[in-house]
Amino acid sequence: MRFLVVGLGNPGKTYLKSRHNLGFSVADKIAQVGRIDLSQKKYFSHSGSGTLMGHNVLIMKPMTYMNLSGKAVAAAVNYLRIGCEQIAIVYDDMDLALGRVHIKQHGGAGGHKGVRSVLDALQCDDFTRFRMGIGHPTGPIDPADYVLQPFGKEELPMAEQLIERGRDAILCWIKDGLTAAMNRYNPWPLTHGA
């Protein structure tokens, strides 16, 4: 079976280390596991294909900017002719505590403009969402500004763990399926060894 893994983010050095680019960071980590080169410029993305957990996988980082992510995802889906259930979308989520991963299939965008763009472009909602918790801003800061900032020094260790946990959750999804990934990675606080 072929899978499509899409990490959402924004292109360019300005956004490189921002909270909003967690999807890109997870995509990079997954690519490292399979030694997949993401320098191919295809489907309005930086992308690459390889084998992970015995399956063919295309990993994408859309270069369309977050709000137009659906354009890139639809281009790949139309070419590959894969079903929505074979797609993973990885993205940051302020409604989850920093460090938490929540996996689900079906539903809306939850206020995330990148996910909304994917929903609109694909006209289906049964792709798997890997929501990466970045926590709510504290103090008088606009949420739109908060997501575009880098993690604070004190947040970095948890952010690194989150990226690794996201990588592991997606590898589990590819290898063992949705239910296994949800059972292992959705519990919070973190369980030992998960």
Side-chain angles (χ1 to χ4, degrees), residues 4-33 38 44-47 59-73 87-105 107-121 127-173 181-182 185-190 194:
L4 173 61
V5 176
V6 184
L8 299 187
N10 286 310
K13 292 182 180 179
T14 304
Y15 304 105
L16 190 61
K17 298 292 184 181
S18 73
R19 295 179 178 92
H20 222 22
N21 272 30
L22 264 178
F24 278 10
S25 298
V26 174
D28 287 336
K29 284 284 186 183
I30 297 165
Q32 288 172 13
V33 173
L38 297 183
F44 308 103
S45 302
H46 288 173
S47 63
I59 303 171
M60 290 174 45
K61 300 194 305 184
M63 294 290 115
T64 54
Y65 288 94
M66 184 68 78
N67 295 1
L68 296 175
S69 298
K71 177 182 179 181
V73 178
I87 303 170
I89 306 292
V90 192
Y91 58 97
D92 61 292
D93 194 319
M94 283 192 301
D95 291 333
L96 297 177
L98 176 62
R100 183 176 180 189
V101 173
H102 191 267
I103 305 163
K104 73 171 193 169
Q105 196 178 46
H112 196 285
K113 292 180 179 177
V115 178
R116 169 49 56 198
S117 176
V118 173
L119 283 165
D120 290 345
F127 53 84
T128 302
R129 297 142 170 84
F130 288 79
R131 300 166 56 207
M132 312 291 291
I134 60 171
H136 273 287
T138 56
I141 179 171
D142 187 294
D145 294 330
Y146 173 74
V147 298
L148 296 178
Q149 291 178 347
F151 287 102
K153 187 176 180 180
E154 69 288 350
E155 296 174 307
L156 283 174
M158 182 62 84
E160 286 299 322
Q161 288 180 37
L162 174 61
I163 292 165
E164 292 176 2
R165 189 168 166 83
R167 172 202 62 200
D168 294 345
I170 289 172
L171 293 176
C172 180
W173 172 74
M182 290 172 64
Y185 291 95
N186 281 358
W188 186 260
L190 298 180

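- In this structure, the side chain to side chain contact (heavy atoms under 4.5 Å, CB included) partners of Pro150, at least two apart in sequence or on a different chain, are Lys17.
- Between Phe44 and Lys71 there is a side-chain heavy-atom pair separated by less than 4.5 Å.
- Scanning all heavy atoms of the two residues, the minimum distance from Pro187 to Met182 falls at CD-O, 3.8 Å.
- Applying the side chain to side chain contact (heavy atoms under 4.5 Å, CB included) test between Tyr91 and each of Val118, Ile134, Val26, Val115 identifies Val115 as the sole match.
- Counting all heavy atoms, side chain and backbone alike, Ala169 lies closest to Ile103 at CB-CD1, 4.0 Å.
- Closest approach of Ser117 to Gly70, counting heavy atoms only: OG-N, 2.8 Å.
- Note: Phe151 CZ to Ser18 OG = 8.5 Å, rounded to the nearest 0.5 Å.
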TODO: Go through the steps to decide whether Ile170 and Phe130 satisfy the test side-chain contact (heavy atoms from CB on, under 4.5 Å), and finish with yes or no.
DONE: CA-CA 8 Å; Ile170 289 172; Phe130 288 79; 3.6 Å; yes
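- Counting only distance, with no hydrogens or angles, the side chain of Arg129 and the backbone of Phe127 share a donor-acceptor pair below 3.5 Å.
- The shortest distance between side-chain heavy atoms of Met94 and Val147 falls below 4.5 Å.
- Side-chain contact between Trp173 and Thr128: present, with at least one pair of heavy atoms (C-beta onward) separated by less than 4.5 Å.
- Panel note: side chain Ser47, backbone Met60; no donor-acceptor pair is recorded below 3.5 Å.
- Every residue was checked against the side-chain hydrogen bond (donor to acceptor under 3.5 Å, both in side chains) condition with His46, not counting sequence neighbours, and none meets it.
- At a threshold of 4.0 Å, the pair Asp93-Arg100 does not count as salt-bridged, since none of the basic side-chain nitrogens sits closer than that to a carboxylate oxygen.
- At least one donor-acceptor pair closer than 3.5 Å links the side chain of Glu155 to the backbone N or O of Gly152.
- Under 3.5 Å, the side chains of Asp92 and His112 contain a donor-acceptor pair of N or O atoms.
- Annotation: side chain of Asp95 is in contact with side chain of His136 (closest heavy-atom distance under 4.5 Å).
- The shortest side-chain heavy-atom distance between Ile30 and Val5 falls under the 4.5 Å cut-off.
- Asp28 is not listed as a side-chain neighbour of Arg167, based on a closest heavy-atom distance of 4.5 Å or more.
- When atom types are taken as modelled, the side chain of Asn21 and the backbone of Gly9 share no donor-acceptor pair closer than 3.5 angstrom.
- A donor-acceptor pair under 3.5 Å is formed between the side chain of Tyr146 and the backbone N or O of Gly135.
- The distance from atom NZ of Lys61 to atom OG of Ser69, rounded to the nearest 0.5 Å, is 13.0 Å.
- Side-chain contact between Leu22 and Val90 is absent, with no heavy-atom pair separated by less than 4.5 Å.
- Counting all heavy atoms, side chain and backbone alike, Ala144 lies closest to Asp142 at N-OD1, 2.7 Å.
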